[in-house]
Enquirer: 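Below: one structure in structure tokens.
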Amino acid sequence: MPGYSATKDDHLKRLRRIEGQVRGIARMVDEDKYCIDILTQVSAVNRALQSVALGLLDEHMGHCLVDAARAGGEEQESKLKEASDAIARLVRS
């Protein structure tokens, strides 16, 4: 079971809110709103997505990574690399 099971509803609510923000940005572009106002909203969406990603990563490390560490061996190595790669992707974005 995924490590975010207990907070799944919270993540879904947050993602729906972000989805609404993105639709709002599209509407702003369609209505030829001021560029800086649009960029401000894009920045807010990026921060919100990063917040969701960090929450999921934290839960992954607290659940999946801990379980893999207990199991040891190849599973531990695989999950550690997977988490490291995910962190690298987040840092680059």
Side-chain angles (χ1 to χ4, degrees):
M1 179 161 307
Y4 60 85
S5 298
T7 56
K8 181 178 178 177
D9 288 340
D10 292 335
H11 290 307
L12 288 172
K13 283 182 207 171
R14 186 87 189 254
L15 289 168
R16 284 199 262 316
R17 204 171 317 124
I18 293 167
E19 183 180 21
Q21 285 179 285
V22 171
R23 282 193 304 271
I25 293 169
R27 198 168 33 256
M28 290 175 77
V29 170
D30 186 51
E31 295 171 358
D32 297 320
K33 298 294 183 183
Y34 187 56
C35 297
I36 297 301
D37 293 339
I38 296 169
L39 291 170
T40 298
Q41 292 306 310
V42 168
S43 178
V45 167
N46 283 333
R47 283 191 311 272
L49 282 171
Q50 286 177 346
S51 177
V52 170
L54 289 173
L56 288 167
L57 180 62
D58 184 56
E59 290 166 354
H60 175 73
M61 292 174 65
H63 182 266
C64 302
L65 203 54
V66 168
D67 287 349
R70 286 187 187 121
E74 197 172 306
E75 183 179 353
Q76 176 182 347
E77 298 284 330
S78 172
K79 291 292 182 185
L80 186 57
K81 172 143 180 40
E82 183 180 66
S84 179
D85 292 345
I87 292 167
R89 284 191 302 274
L90 285 173
V91 169
R92 283 191 300 262
S93 61

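A quick note: this is a predicted structure, and the numbers were derived from the prediction, not measured. When reading the values below, keep in mind they use all heavy atoms of this one structure, side chains included, and skip hydrogens, waters and symmetry mates.
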Enquirer: Leu57 and Val66: same hydrophobic cluster, using ILVMFWY side-chain contacts below 4.5 Å?
Expert: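 Not linked; separate clusters.
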Enquirer: In chain order, what residues pass the side chain to side chain contact (heavy atoms under 4.5 Å, CB included) check against Glu82, with sequence neighbours excluded?
Expert: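 Counting only residues at least two positions away or on another chain, Glu82 forms a side chain to side chain contact (heavy atoms under 4.5 Å, CB included) with His60, Lys79.
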Enquirer: Could I get the full list of side chain to side chain contact (heavy atoms under 4.5 Å, CB included) partners for Asp58, not counting sequence neighbours?
Expert: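 Result, side chain to side chain contact (heavy atoms under 4.5 Å, CB included) vs Asp58: none returned.
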Enquirer: What residues, two or more places apart in sequence or in another chain, satisfy side chain to side chain donor-acceptor pair (under 3.5 Å) together with Ser78?
Expert: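 Side chain to side chain donor-acceptor pair (under 3.5 Å) check on Ser78 returns nothing, list empty.
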Enquirer: Could I get the full list of side chain to side chain contact (heavy atoms under 4.5 Å, CB included) partners for Ala69, not counting sequence neighbours?
Expert: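 Partners of Ala69 under the side chain to side chain contact (heavy atoms under 4.5 Å, CB included) test: none.
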Enquirer: Do Met61 and Leu56 belong to the same hydrophobic cluster, where Ile, Leu, Val, Met, Phe, Trp and Tyr are linked whenever their side-chain heavy atoms lie under 4.5 Å apart, directly or via other members?
Expert: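 As far as the 4.5 Å side-chain criterion goes, Leu56 and Met61 are not connected within one cluster.
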Enquirer: With sequence neighbours excluded, tell me which residues meet salt bridge (Lys or Arg N to Asp or Glu O under 4.0 Å) with Arg70.
Expert: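 With sequence neighbours excluded, Arg70 shows a salt bridge (Lys or Arg N to Asp or Glu O under 4.0 Å) to Asp67, given in chain and number order.
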Enquirer: With hydrophobic residues grouped by side-chain heavy-atom distances under 4.5 Å, do Leu90 and Leu49 end up in a single group?
Expert: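 Per the 4.5 Å side-chain linkage, Leu90 and Leu49 are not co-clustered.
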Enquirer: How close do Ser51 and Arg14 get, counting heavy atoms only, and between which atoms?
Expert: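 Minimum heavy-atom contact is OG-NH1, 3.2 Å.
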Enquirer: Could you see if Leu65 belongs to whatever hydrophobic cluster contains Val91? Use Ile, Leu, Val, Met, Phe, Trp, Tyr and a side-chain cutoff under 4.5 Å.
Expert: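 Same hydrophobic cluster.
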Enquirer: Compile the donor-acceptor pairs under 3.5 Å between side chains in residues 17-44 and protein atoms, sequence neighbours left out, one pair per line.
Expert:
from, atom 1, to, atom 2, distance (Å)
Thr40, OG1, Ile36, O, 2.8
Ser43, OG, Arg47, NH1, 2.8

Enquirer: Taking salt bridge (Lys or Arg N to Asp or Glu O under 4.0 Å) as the definition, give me every residue that meets it alongside Glu77, ordered by chain and number, with sequence neighbours left out.
Expert: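 Residues passing salt bridge (Lys or Arg N to Asp or Glu O under 4.0 Å) with Glu77: none at all.
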Enquirer: Residues in salt bridge (Lys or Arg N to Asp or Glu O under 4.0 Å) with Lys81, at least two apart?
Expert: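 Per chain and number, Lys81 pairs via salt bridge (Lys or Arg N to Asp or Glu O under 4.0 Å) with Asp85.
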